[in-house]
Amino acid sequence: MRKPLILFPLVFLFLFVFASAQTPPTPVDSLQAVDTPDDAGGQVDLTWKPSPDEGRAVSPVIGYQILAAPAADSTFVPIGTASAGATSVTAKDRLENGRPYYFKIRAYAMDSSYAESEVAGPVVPKGSWWNTKPAYLRIVIWMVFVVGFILYNIRKAGKKELYIRPIAGIDAIDEGIGRATEMGRPILFICGLGDAAQAATLAAFSVLGRVAQKTAQYQTRLIVPCYEPIVFTICQDIVKGAYLNAGRPEAYNEKDVFFVVYDQFPYVAAVNGIMLREKPATNFYLGQFYAESLMLAETGFEAGSIQIAGTDQLIQMSFFIVACDFTLIGEELFAASAYLSKEPEQVGSIKGQDWGKVIFAGLSILGVVSVLLDENLRVHFFGFFRKLMLNE
Amino acid sequence: MSQPNPSAPTLGPGFWEKFALLDRRIIFAFIFLGLALPLFYTIRQPIPVSPEGRAYYQSIENLPAGSKVLLSFDYDPPSSPELQPMAEATFKQLFTKNCKLVVIGLWPQGPQQAEQALATALRDPRFKDKKLEYGVNYANLGYMAGNEIVIQKMNADIISTFPSDYKGNATASLPIMRGVRNYKNFDFIINFSSGFVGTREWVQFCVDRSGAKMIAGNTAVQAPENYPYFRSGQLKGLLAGMKGAAEYETVAGQPGKGISFMGSQSVAHLVVILFVILGNIAYFVSRRKW
Amino acid sequence: MRKEIPLVIMVACGVFMAIQFFVPHELPALIYQNLNKTVQVVGAVALVLGIVSLLSLHFAKINRRQPGYGYSYILIAFFFMMAASGFLPAKVNLGSFLGTGDRVEGSFYLNLYNYVLTPVQATMFALLAFFIASAAFRAFRARSVIATLLLLTAIIVMIGRVPIGPFVLGDWISDLADWIMAVPNAAAKRAVIVGVGLGILSLSLKMVLGIERAWLGGGR
Amino acid sequence: MPGMVSLTLAGFLTLGIMSFVYKDNPIYKFCESIFIGVSAGYYFVLIFYQSLLPQLTDKIGLTGALTDSALAYYRQSGSLASVQWFNLIAAVLGMMMLMRLLPKIGWISRWPLAFVIGSIAGLKLIGELQTNIMTQIQKSILPLWAPQYVDGSLSLAASIGQSLTNIVLVGGILTGVIYFFFSKEHKGVFGGAARVGIWFLMVTFGAAFGLTVMSRMSLLIARIDFLLRDWLHLLG
């Protein structure tokens, strides 16, 4: 019991000496609070001039605490912090939309003394209805350009015949259907492993519609084993609709458009089995594919089928190119649906896509030239465009 | 292509024509043997070690003993042939250095892969005396859904991101987690990944934002995407596929599955290339006759 | 009306989703977050429909005694066994051989997954090693400039990746392989990505405008 | 499952599936049926517990005792919050989907499909522009003359190397894009550029193929290793 007795005066002395040495720092100056622009609400931007005591020798300011209150005279509660050197912060905690808030900033010194700034406010946080950040503006500009070109060409399309270059894979589709009809063997159509929202799957749908219409006319059997459940229901609608349109609803066999399983390799096992047992004359692989691409294509080759593939997955394109008779590379798959339909609007959209490529190539060339001039001759002529069009 | 001539019995144009249309099952048989036979023998082939593979080993070796390491297992069983050998060897090297290991997974089956690799590593006789204990020397915090969001959340607070571990214990109760709040409390981060979410996201959201030191093991297909991160220093080392595992085992001087499998790899690649060359000879010989 | 209403729904949803990207307000954000939920529910229901389709197909096979109908019995039996194992109450114990109820480690459900599904999956995936070899043999013939380029780059990248390549031919082969991966490969990849991007953009636009309606079935 | 039995089962299934590369046979068909049946059952259970139960019936309040379920919330407060409205919309759309089973009103299932497809098409519209087109332009803007400095002084060899690399990159991108031009005939200079473009594409496809070989071989090595080592104990 003796030790505390000795310690007590010492501690007291210590506290006395150091407490008296505590010097509260100068508070931050000109605190301003505004509702954060371009946000969903619940946030307020605070800016201030830092305390001049951040750099003082004895117990400098080491950080700031952000305080908020619903009224200038009510109790302020801490809602966040900022480190020394910061001159702004976005307060996001515990702020509700549509209510006024007052803010102040507490500057803390090393010795835990502090000083509070003047109160800023009131600010009412609210959500914005349009994002005005440059990055978003650029996207709008791009949209106007690219979408504008596509729309312009879709509109213009009805007026005169548009040239579309021949695409071997697309021409092969009709041949494939003809082959199956001649041989009296079925056609196998696979929409890939993507879901119904993948663009490649959507492109496959429109080709499926064309193929089904033809098979309905020629009375060729069309087998569509599906992987994704939603894709399966849509495929049923498409094939059924095509048979109806062709005036042969009775020829539609519900059991030929079926769901297999929602699991990559069991699906492949099943489709491989179908290929070897039904021996289809033509196999279509259109849509999104992964590792199964080569398994399907090799088994289809073994079964003696003509194979037409198309995907937007780069690695799988290489397998299809190697193992299939015809492959629609990337964008060709998307062109296929438009090309086959021959509808002016659809063909016009292909033309619009080409305009998109012109913009792409043009900007790339301009960019390359500008970099060349910029770095070697210090001539800046493209800076404005780059700022306008690219997020850097 | 012309029909093969069935009456030609010996080497000559007839043979090559037949060869051009070779039954693929013969190729299959060669591939199978090419992969299986080397497993019975140790094929001595020098394994050139890439700079990124050497750096992978060295950066672990340079860790002070007893460092705290975070490992993220972002792959599932289909990729385990490529990533499992490197995971096992990495665990062994880390345990030799008495590191404390915290495992997580951003793929649902990742933690399970980690458990298997841990079990294999712990069976190593070298660690028998070390009395490695769950919760003290290593822990598995399990899987958390949310992909790159999880990586970002961990930068703020790991324990609240993973409230309980793989076995259902409260994470905060594990001795190994004492004093761990975010990436700053780990000396090192290791990521095994086979796609999204994986190394790229770890670099973007963990390394770039918290300054953590990280190395990664990738599948061979994915690795080229991440080489730039090694060159720029965002990754301190990178192993690519089975070859990466073999390189690692070579540097570490611990021959394991990686090296023994590389023998099979080399033979199988040679078989494929040989068949392609022969196929081309066959093609040109049989074409000349037309 | 059976096609018009879905079209209106689709166009409305499409336009909304495109515009909400530019609107930081919380209401669109809330709708956006909840969209995922809806997609999940619709997808889950569609899966039930799919399984009904699968089972009815195989029951029909059995009824009509189609060739190979015996395998349909196996498929159906295993489906019901697996499904039932997932709904076993937690307290059920089928013994150490089959496992427990519920869906935890060591349960019958996960045992079936781990010991039946996983090895078969791995083996199916591994068959690719055979197919990649046979495809290479069949297709890599120097028939034209294009085919030769395909063949040469594939071979160079292959040799450059295995240890024996640089060992026999020298380091240049793996350097060349790396250069191919980093330069021409990257260039063409970008061209493909741009093309695909434009294709998707234009397709999405046609969807949102209601021009592309193949998914509704049967054209117009 | 005891080790031996599970190993034997896995070994048998592995061999059964592998036998497919020889030819289609009864053992493969047997394994295939097991495979599909088990997988369908697995995903049925998974989707039931992950989506149907929590997202559909729990959120409405038909099952489970969730406090945020629509029914419970309505009983307490007499109204519904926005989240519950969304739950109900999701549930109604799910029900519409189920109507497919009834031939008479099956057409109503197109409504939820329209909802899903339309929403995601709208999302894609912006996403593609941003990630695939704008970013790619940025990456294509490369200096054709790229001076490289080694220890502060210009290295001519390295500079030429880097410049050539950049020229090939830019050239490859532009000719590749030209190949994808559909509305202009590929002839003359334009056709020549398109031809160079397809060469670049072929190099890419060859590289992708060559790169994948090792991964695929790894998979088979692992299976063979399993058969020979773990199952048959032929390897040490």
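Within every chain, numbering begins at 1; the chains are lettered A, B, ... in the order of the sequence lines, protein sequences first and strands thereafter.
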As an exercise: rank A122(C), A129(C), A126(C), A142(C) by heavy-atom pairs under 4.5 Å with chain B and give me the winner.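 Most heavy-atom pairs under 4.5 Å with chain B: A142(C).
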
Are [X] and [Y] side-chain neighbours, meaning at least one heavy-atom pair lies under 4.5 Å?
X	Y	answer
V192(C)	K189(C)	no
L54(C)	H58(C)	yes
I104(B)	P111(B)	no
S79(B)	D76(B)	yes

Below 4.5 Å from any heavy atom of chain C, which atoms of P77(B) appear? Answer side chain, backbone, both or neither.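 The answer is the side chain of P77(B).
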
Against chain C, label E247(B) side chain, backbone, both or neither, depending on which of its atoms sit under 4.5 Å from a heavy atom there.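 Neither part.
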
Over all atoms of both residues, closest heavy-atom pair of [X] and [Y]:
X	Y	answer
A246(B)	M262(B)	CB-CG, 3.3 Å
N140(B)	D165(B)	O-CB, 3.2 Å
F19(B)	G279(B)	CE2-N, 3.8 Å
E82(B)	A220(B)	OE1-N, 2.9 Å
A20(B)	F137(C)	O-CE2, 4.1 Å
T219(B)	L83(B)	N-CD2, 3.9 Å

If you measure from OG on S193(B) to CG on N218(B), what distance do you get to the nearest 0.5 Å?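 The CG atom of N218(B) is 4.5 Å from OG of S193(B), to the nearest 0.5 Å.
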
Between atom OG1 of T153(C) and atom CD1 of I180(C), what is the distance when rounded to the nearest 0.5 Å?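 It is 6.0 Å, given to the nearest 0.5 Å.
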
Select one option (side chain, backbone, both, neither) describing which atoms of [X] are under 4.5 Å from chain B's heavy atoms.
X	answer
I132(C)	neither
A136(C)	both
F125(C)	side chain

Anything in residues 25-34 of chain B with a heavy-atom distance to chain C below 4.5 Å? Please list those residues in order.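 Within residues 25-34 of chain B, the residues that come under 4.5 Å of chain C (heavy atoms only) are I27(B), F28(B), I31(B), F32(B).
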
For chain B, which residues from residues 156-167 of chain C lie under 4.5 Å away (heavy-atom distances)?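 Checking residues 156-167 of chain C against chain B gives M158(C), I159(C), G160(C), R161(C), V162(C), P163(C), I164(C), F167(C).
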
Taking atom CZ as the centre, does R138(C) end up with more than 12 heavy-atom neighbours from other residues, nucleotides or ligands that are less than 6.0 angstrom away?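 Check passes, neighbour count above 12.
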
Using a cut-off of under 4.5 Å on heavy-atom pairs, state which of L270(B), L35(B), V276(B) scores highest against chain C.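 It is V276(B).
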
